[in-house]
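Structure first, commentary second.
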Amino acid sequence: MTSKDRSYLKGLAQKEDVILSLGKSGITPLFSRSVEEALNKRELIKINVLKNADETPENLAVTLSERTRSTVVQVIGRKIVLYKKNKEKQKIFLPSEKKSK
């Protein structure tokens, strides 16, 4: 992912609402599945890390991206933005993909 792609996704994420919250229980298999399903539907999601979470938002973002095979777009404050391209029903077309076509 290029810096231009990341910048484009950050701009799109500003308009998005937080759809999941991560708290004290951490990243459970059920939470990972919820993130995976949300990424399949939306491609770009925003997650709120509650203050009672045991780990830092940065560590949680890396763990979630590894488990869901997604990309961390940004971690800002206690918000995590993840992106995963849906190969079947792609909704978001990155600037680098538009040039190559």
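Atom set for the values below is all heavy atoms of this structure, side chains included, hydrogens, waters and symmetry mates excluded. One-based numbering along the sequence shown. Since the structure is predicted, the reported quantities are computational estimates derived from the model, not experimental observations.
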- Query: Do Leu50 and Lys24 have side-chain heavy atoms sitting under 4.5 Å apart?
  - Reply: no

- Consider only side-chain heavy atoms of I, L, V, M, F, W and Y, link residues closer than 4.5 Å, and tell whether Leu9 and Val35 are in one cluster. no

- Message: Hydrophobic clustering (ILVMFWY, side-chain heavy atoms < 4.5 Å, transitive) - are Ile76 and Val81 grouped together?
- Response: no

- Please report the shortest heavy-atom distance between Arg42 and Ile19, naming the atom on each side. NH1-CG2, 3.4 Å

- Query: Could Glu97 and Lys85 be called an ion pair, given the rule that one side-chain N must be under 4.0 Å from one carboxylate O?
  - Reply: yes

- Message: When you compare the side chain of Arg6 with that of Val73, does any pair of heavy atoms fall below 4.5 Å?
- Response: yes

- Would you call Lys79 and Gln74 a side-chain contact if the rule is heavy atoms closer than 4.5 Å? no

- Would you call Arg67-Glu36 a salt bridge at under 4.0 Å N-O? no

- Query: According to a 4.5 Å side-chain heavy-atom criterion applied to Ile, Leu, Val, Met, Phe, Trp and Tyr, with indirect links allowed, do Ile80 and Ile45 form part of one hydrophobic cluster?
  - Reply: yes

- With sequence neighbours excluded, what pairs up with Lys46 under the salt bridge (Lys or Arg N to Asp or Glu O under 4.0 Å) test? none

- Query: Quick one: are Leu44 and Leu82 in side-chain contact, heavy atoms under 4.5 Å?
  - Reply: no

- Is there a side-chain contact between Leu64 and Ser70, using heavy atoms and a 4.5 Å cut-off? no

